[in-house]
There are 2 protein chains.
Amino acid sequence: MHIASLARGGSAPALPFPALDMLSTGEGHGLQPAFGHPLRLERGAEIYAEGAPVGDVYKVVSGTIRTCRYLQDGRRVVAEFVLAGEAFGLDGVDHHHFSAEAVTEAVVISFPRRQLNEWVDHELPAARAWRNFMIAKLSGAQSHFVLLGRKTAAERVASFLLDLAERGNSGALVDLPMSRYDIADHLGLTAETVSRIFSGFKRGGIIANRDCRKVRILDRARLEAEASRDIL
Amino acid sequence: MHIASLARGGSAPALPFPALDMLSTGEGHGLQPAFGHPLRLERGAEIYAEGAPVGDVYKVVSGTIRTCRYLQDGRRVVAEFVLAGEAFGLDGVDHHHFSAEAVTEAVVISFPRRQLNEWVDHELPAARAWRNFMIAKLSGAQSHFVLLGRKTAAERVASFLLDLAERGNSGALVDLPMSRYDIADHLGLTAETVSRIFSGFKRGGIIANRDCRKVRILDRARLEAEASRDIL
DNA sequence: CGTCGGATTGAGAACGTTCAAGGGGCGTGG
DNA sequence: CCACGCCCCTTGAACGTTCTCAATCCGACG
């Protein structure tokens, strides 16, 4: 996995068109502020609510976003964490099926979906990139089914750490901008269980951490074994 | 939910182009056999394997297909059941991330993805329909996160029944072409648990069944309550 | 220095799984 | 036509993983 990380997988070539930078992770491209407009967000701020009519697509400049849904009784599911360079806002045809909230202070750039659509309609390479992007998102989402449907708590947390490590590309040092509750709601667990698993990994020498938002992977092989890494 | 069912949601207008019939459920359109070519499948037959290079997109004419992934130790996840009129095969950019197998005897029509792409590239309404289709698929997939991540066994089974009832459009009579094992692997449960929940619903007068592959919804309101139906 | 939200740890309970046995439908072969 | 075997479904009992509830700890911030 996972989702946005797949969009950057080997198949997508460098995109010469600014709007489609939306669909890449933006490494080395630089954003096109002329095209969208930036939004500064405080911790916990809502970008859009579940059920709101769709309008814009967003790209994260800095910080982390979560897209989530709440059940009436308060249960929550975090569909995805969106890191800097990744895009979100494509969670419904007419209306958003999830809400989007800032996990940390964040800056995102919003692009009217209509504008993105027109762009994709009139530029063939854009259309192709968009197709691959969406297919990658979809199969990434379905891969999350494996985690939620069939993995144990330890496997989920290990998979999550490896996923973040890949997407964060800061080597073995993994940044966890989100709370244990956020992680739990993304992995279908409770915060207590997540915390216990982290402690277990630490005791086992698989990871180390100075504070609870910064984890160093000490034994990647063992972490991958814990994750039951199914070949992607 | 779920997935393909969303593609037919109110927003997609009737599509005048034959290739895009791929993306609709085909109600009232009729298939275009000149465009793709049909494939007759026996129960259990594999259409493509996980990891195989992508080639075609498929539309189900009759029968039911499942797309699934296996972990090394045999655990299995059924990402989706594809009913007659629905499409599958978009589970990877270069290579399939899931395998596709026939749940029942089935007939599917295969379309080269390249051909579909070209079509979408050159017809604006096609491009728009395709976009909506993929966004609907994606948000449908993410909705499954709610089920797998936060719902109880009874809620999962109830949600599944309601989903099938909507997609099968045969009123309160729900056809279950797949085994309890298939259902379990789609809902992140075991076949025994699924069976127990069905029995519970039957005892409670919520459903009735002559045989185990045919269920009648007797009390839809109560079934929806059991499902904790979050507003889609 | 005190307060507060998040993180950790523990103990007990609950839900779903595992293991095991029995039942039913269907196809094959005698 | 019946018998057998196979696969799937159902049901029960015991077990285990994860959740729930509760207490404590820690770091950030006023």
Side-chain angles (χ1 to χ4, degrees), chain A residues 42-44 64 66 71 73-78 103-105 147-158 160-161 176-204 207-215 226 228, chain B residues 42-44 64 66 71 73-78 101 103-105 147-158 160-161 175-204 207-215 226 228:
Chain A
E42 302 192 353
R43 221 166 80 89
T64 300
R66 64 174 174 251
L71 276 71
D73 57 9
R75 284 177 288 180
R76 185 184 68 157
V77 175
V78 172
V103 173
T104 61
E105 274 189 21
L147 185 146
L148 291 173
R150 282 290 174 248
K151 288 197 173 181
T152 65
E155 289 174 330
R156 294 182 200 196
V157 174
F160 178 68
L161 277 176
L176 300 171
M178 67 294 286
S179 75
R180 296 289 184 264
Y181 293 90
D182 286 332
I183 297 174
D185 286 340
H186 183 54
L187 302 181
L189 300 169
T190 59
E192 293 92 330
T193 299
V194 171
S195 182
R196 274 186 258 270
I197 305 280
F198 271 106
S199 300
F201 286 170
K202 212 167 74 173
R203 262 194 303 281
I207 62 170
N209 63 335
R210 52 185 71 256
D211 68 79
C212 64
R213 299 300 177 99
K214 221 95 180 171
V215 168
E226 290 283 353
S228 294
Chain B
E42 301 193 354
R43 220 167 81 90
T64 300
R66 65 174 172 250
L71 277 72
D73 57 9
R75 283 178 289 180
R76 186 183 67 156
V77 175
V78 173
E101 303 163 356
V103 172
T104 62
E105 273 189 21
L147 185 146
L148 291 173
R150 282 289 173 251
K151 288 198 173 180
T152 65
E155 289 174 330
R156 295 182 199 196
V157 174
F160 178 69
L161 277 175
D175 191 40
L176 300 171
M178 66 294 287
S179 74
R180 296 291 184 264
Y181 293 91
D182 285 333
I183 297 174
D185 287 340
H186 183 54
L187 303 181
L189 301 169
T190 60
E192 293 93 330
T193 299
V194 172
S195 182
R196 274 186 258 270
I197 305 281
F198 270 106
S199 300
F201 286 170
K202 211 167 74 175
R203 260 194 304 281
I207 62 171
N209 62 336
R210 53 184 72 255
D211 69 78
C212 64
R213 300 299 177 100
K214 222 95 179 170
V215 168
E226 290 282 352
S228 293

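Naming convention: chains lettered A, B, ... in sequence-line order (proteins, then strands); numbering from 1 in each chain.
- Nucleotides of DNA chain D nearest to A:Arg196 and B:Lys202 differ in position, and the one nearer the 5' end is that of B:Lys202.
- Smallest separation of non-hydrogen atoms from B:Thr190 and B:Ala184: C-CB, 3.3 Å.
- Residue contacts shown for B:Gly188 are limited to sugar-phosphate atoms, with no base heavy atom under 4.0 Å away.
- Heavy atoms of B:Thr193 sit under 4.0 angstrom from at least one base atom.
- Rounded to the nearest 0.5 Å, atoms CZ (B:Arg66) and OG (B:Ser179) are 7.0 Å apart.
- Residue B:Leu147 comes nearest to B:Arg156 through the heavy atom pair O-NE, 3.3 Å, listed as atom of the first residue, atom of the second, then distance.
- With a 4.5 Å cut-off on side-chain heavy atoms, A:Arg180 and A:Leu189 do not count as touching.
- B:Glu192 contributes no side-chain N or O that forms a donor-acceptor pair with the base of D:dC8 under 3.5 Å.
- For the pair B:Glu226/B:Thr152, no side-chain contact is recorded, criterion being any heavy-atom separation below 4.5 Å from C-beta on.
- Put simply, chain A comes within 4.0 Å of DNA chain C, heavy atom to any atom, from C:dG6 to C:dA11, going 5' to 3'.
- Position along DNA chain C of the nearest nucleotide to A:Tyr181 versus A:Arg150 favours A:Tyr181 as the more 5'-ward residue.
- We find that CD1 of B:Ile207 is positioned 14 Å from P of D:dC9, with the value rounded to whole Å.
- In this structure, A:Arg213 places its CZ atom 11 Å from P of D:dA28, rounding to the nearest Å.
- Atom CG of residue A:Asn209 and atom CZ of residue A:Phe201 lie 12.5 Å apart, to the nearest 0.5 angstrom.
- Close to D:dC9, at under 4.0 Å from its OP1 or OP2, lies no side-chain N or O of B:Ser195.
- If you find the closest nucleotide of DNA chain D to A:Ile197 and to B:Phe198, the one lying nearer the 5' end belongs to B:Phe198.
- We find that CZ of B:Arg210 is positioned 18 Å from P of D:dC9, with the value rounded to whole Å.
- Using a 4.0 Å heavy-atom distance criterion, A:Arg156 is classed as making no nucleic acid contact.
- Here D:dC9 presents its P atom at 11 Å from CG of B:Asp211, a figure rounded to the nearest Å.
- In this structure, B:Phe198 and B:Val215 have side chains that are in contact, with non-hydrogen atoms separated by less than 4.5 Å.
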